[in-house]
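First, the structure itself, so that you have it in front of you.
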2 protein chains.
Amino acid sequence: MAKINMERRAKIGRERRARTHAQIVEAGTMLLAQGPAKALTVEAVAEAAGLAKGTFYYHFQNIEELVSEVTGQLGRSFDDVLSPDRFEMSDPIARISFAFTQSLEKAISDTGWARLVVQSAQTRGEFARSVRDNLKTEIAEAIAQGHMTVRDPELAVDILVGIWLQVTRGILQRVAPPELSSQALEAALRAIGSARPKSPSP
Amino acid sequence: MAKINMERRAKIGRERRARTHAQIVEAGTMLLAQGPAKALTVEAVAEAAGLAKGTFYYHFQNIEELVSEVTGQLGRSFDDVLSPDRFEMSDPIARISFAFTQSLEKAISDTGWARLVVQSAQTRGEFARSVRDNLKTEIAEAIAQGHMTVRDPELAVDILVGIWLQVTRGILQRVAPPELSSQALEAALRAIGSARPKSPSP
DNA sequence: AGTCATTTCGACGATATAGTCAATATGAAA
DNA sequence: TTTCATATTGACTATATCGTCGAAATGACT
């Protein structure tokens, strides 16, 4: 009786629904990477996705819910950029360095992503917090191992995040010089008092 | 004929007009220091200033013009914080250090000001550019004198501005530990490769 | 007290955006 | 081909904010 109906319902909806949902997220991501978040309107998203406004509301409660999902997706993409080899490294400074460089390189090669990161870091507490928390874990370890001059973990995080974010902004406004990522990394390591020789011994 | 009218006109208007204008700017400043710039509405400003909406439009073309003036005023207050003794210093690094510390101290003692600075740095190109340009002048000199490891002036500016801005943000979200400004300064100097002993000789 | 340039007021029309909903379309399964 | 759960549409209402304008208030000067 009801059984068949439920099965049908579940089966039919999935793919179509998921596709449209993804379309909207994609459109929202694109628009967010372009202008300021305040200018993100339901109509603009719907039009960019080639859908009617009502369809948007069938998939999301409101713009906030969409932005939240975009932010979440960005966070995951962030992890993708950083994770592959990172967990193999035993030294927390090495992990930080890897993440720092990787995300700058990604920003250079994908300015849309960079724009989104900068945008989100400014306006989405969740995103900023997540980045901060990850960093803080590494830094606490580094401090404990006596690998850093800076003793206040919060300050250390501010320094690293500050340099990273501002250099990323710079990438969006100027052409990135060849050695940018490595030079920025060296400066960041000096700042927290973890300067190391350039050649990482094997 | 017209002479008397013109004189009257000029004389009468001044004070009253200036006072109301200032009221509006003050209200706008307060609101900007509170929430995001997108939420700044003409009605909100008018109400906060205790005036009718029409009065706002008698003094400003639109919100943008108000925000622009607030930004300009902030820029001037910024100079006030920095200027008094700065020009007496011959060493560019000393000048940078002075400005860096002063503005962090100001942020600690006046969080409204800090909020405004952070806000403006993010959304007002003019403000960000002005800060950048001032810094770049000093940095170019420091590089020329061989006082810095970092050679790319743009990168040096990004590093200093990045740390400064992020530490300022930190001040707004956490309680500033006692030695914050000086520790942040030391980190910043290390970052650009201009570490100096703590005691500035006379 | 009267004059008049200037300033202030708030109602008003215009516009933009949010969110709703009844009607319609879609397409897999029977 | 028909059925029907699900998805899509766009017109509609509600609301927020903008910017305008004629009328009223202000207050320095006569």
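Each chain gets a letter, A, B and so on, in the order its sequence line appears, and its residues count up from 1.
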As a test of reading the structure: which of C:dG10, C:dT8, D:dG10 is closest to the side chain of B:T20, going by heavy atoms?
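In terms of side-chain proximity for B:T20, the closest of C:dG10, C:dT8, D:dG10 is C:dT8.
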In whole angstroms, how far is the P atom of D:dA25 from the CZ atom of B:R17?
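Going from B:R17 (CZ) to D:dA25 (P), I get 21 Å.
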Answer yes or no: does a side-chain N or O of B:H59 lie under 4.0 Å from OP1 or OP2 of C:dT7?
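It does not, given that no N or O in the side chain of B:H59 lies less than 4.0 Å from OP1 or OP2 of C:dT7.
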Using the side-chain heavy atoms of B:Y58, tell me which of these nucleotides is nearest: C:dT8, C:dC9, D:dT9.
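Nearest to the side chain of B:Y58 among the choices is C:dT8.
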Are there any protein N/O atoms within less than 3.5 Å of an N/O atom in nucleotides 18-22 of chain C, and if so, which ones and at what distance?
{"residue": "C:dA18", "atom": "OP2", "partner": "A:T41", "partner atom": "OG1", "Å": "2.8"}
{"residue": "C:dA18", "atom": "OP2", "partner": "A:V42", "partner atom": "N", "Å": "3.0"}
{"residue": "C:dA18", "atom": "N7", "partner": "A:K53", "partner atom": "NZ", "Å": "3.1"}
{"residue": "C:dG19", "atom": "O6", "partner": "A:K53", "partner atom": "NZ", "Å": "2.8"}

Without decimals, in angstroms, what is the distance between A:L31 CG and C:dT17 C1'?
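Atom CG in A:L31 sits about 15 Å away from atom C1' in C:dT17.
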So which pairs with a foot in residues 59-73 of chain A pass salt bridge (Lys or Arg N to Asp or Glu O under 4.0 Å), sequence neighbours left out?
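Non-adjacent pairs meeting salt bridge (Lys or Arg N to Asp or Glu O under 4.0 Å): A:E64-A:R124.
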What is the separation between atom CD on A:Q23 and atom P on D:dA7, rounded to the nearest whole Å?
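Atom-to-atom, A:Q23 to D:dA7, this comes out as 14 Å.
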For A:Y57, what residues pass the side chain to side chain contact (heavy atoms under 4.5 Å, CB included) criterion, not counting sequence neighbours?
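Scan of A:Y57 (side chain to side chain contact (heavy atoms under 4.5 Å, CB included), adjacent residues dropped) gives A:V42, A:K53.
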Sequence neighbours left out, cut at 3.5 Å: what donor-acceptor pairs do the side chains of residues 25-36 of chain A make with other protein atoms?
{"residue": "A:T29", "atom": "OG1", "partner": "A:V25", "partner atom": "O", "Å": "2.7"}

Donor-acceptor pairs under 3.5 Å, side chain of residues 152-166 of chain A to any protein atom, not counting sequence neighbours: which ones?
{"residue": "A:D152", "atom": "OD1", "partner": "A:E154", "partner atom": "N", "Å": "2.9"}
{"residue": "A:E154", "atom": "OE1", "partner": "A:R132", "partner atom": "NH2", "Å": "3.2"}
{"residue": "A:E154", "atom": "OE2", "partner": "A:K136", "partner atom": "NZ", "Å": "3.0"}
{"residue": "A:D158", "atom": "OD1", "partner": "A:R132", "partner atom": "NH1", "Å": "2.9"}
{"residue": "A:D158", "atom": "OD1", "partner": "A:R132", "partner atom": "NH2", "Å": "3.0"}
{"residue": "A:D158", "atom": "OD1", "partner": "B:R174", "partner atom": "NH2", "Å": "3.2"}
{"residue": "A:D158", "atom": "OD2", "partner": "B:R174", "partner atom": "NH2", "Å": "3.1"}
{"residue": "A:W164", "atom": "NE1", "partner": "A:S103", "partner atom": "OG", "Å": "3.2"}
{"residue": "A:Q166", "atom": "OE1", "partner": "A:R169", "partner atom": "NH1", "Å": "2.6"}

Where at least one partner belongs to residues 104-119 of chain B, residue pairs that pass side chain to side chain donor-acceptor pair (under 3.5 Å), sequence neighbours excluded
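Residue pairs passing side chain to side chain donor-acceptor pair (under 3.5 Å), neighbours aside: B:S77-B:W113, B:E105-B:S181.
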Rounded interatomic separation in angstrom, taking CG from A:L51 and C1' from C:dT26
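That distance rounds to 14 Å.
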As an exercise, state the distance from CZ of A:F56 to OG1 of A:T41, rounded to the nearest 0.5 Å.
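OG1 of A:T41 is found 9.0 Å from CZ of A:F56.
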Between C1' of D:dC21 and CZ of B:F56, the distance in whole Å
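The answer, rounded to whole Å, is 17 Å.
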Separation of B:E64 atom CD from D:dG19 atom C1', in whole Å?
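Whole-Å distance recorded here is 16 Å.
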Distance, rounded to the nearest Å, where B:E47 contributes CD and D:dT17 contributes P:
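Rounded to whole Å, this separation is 11 Å.
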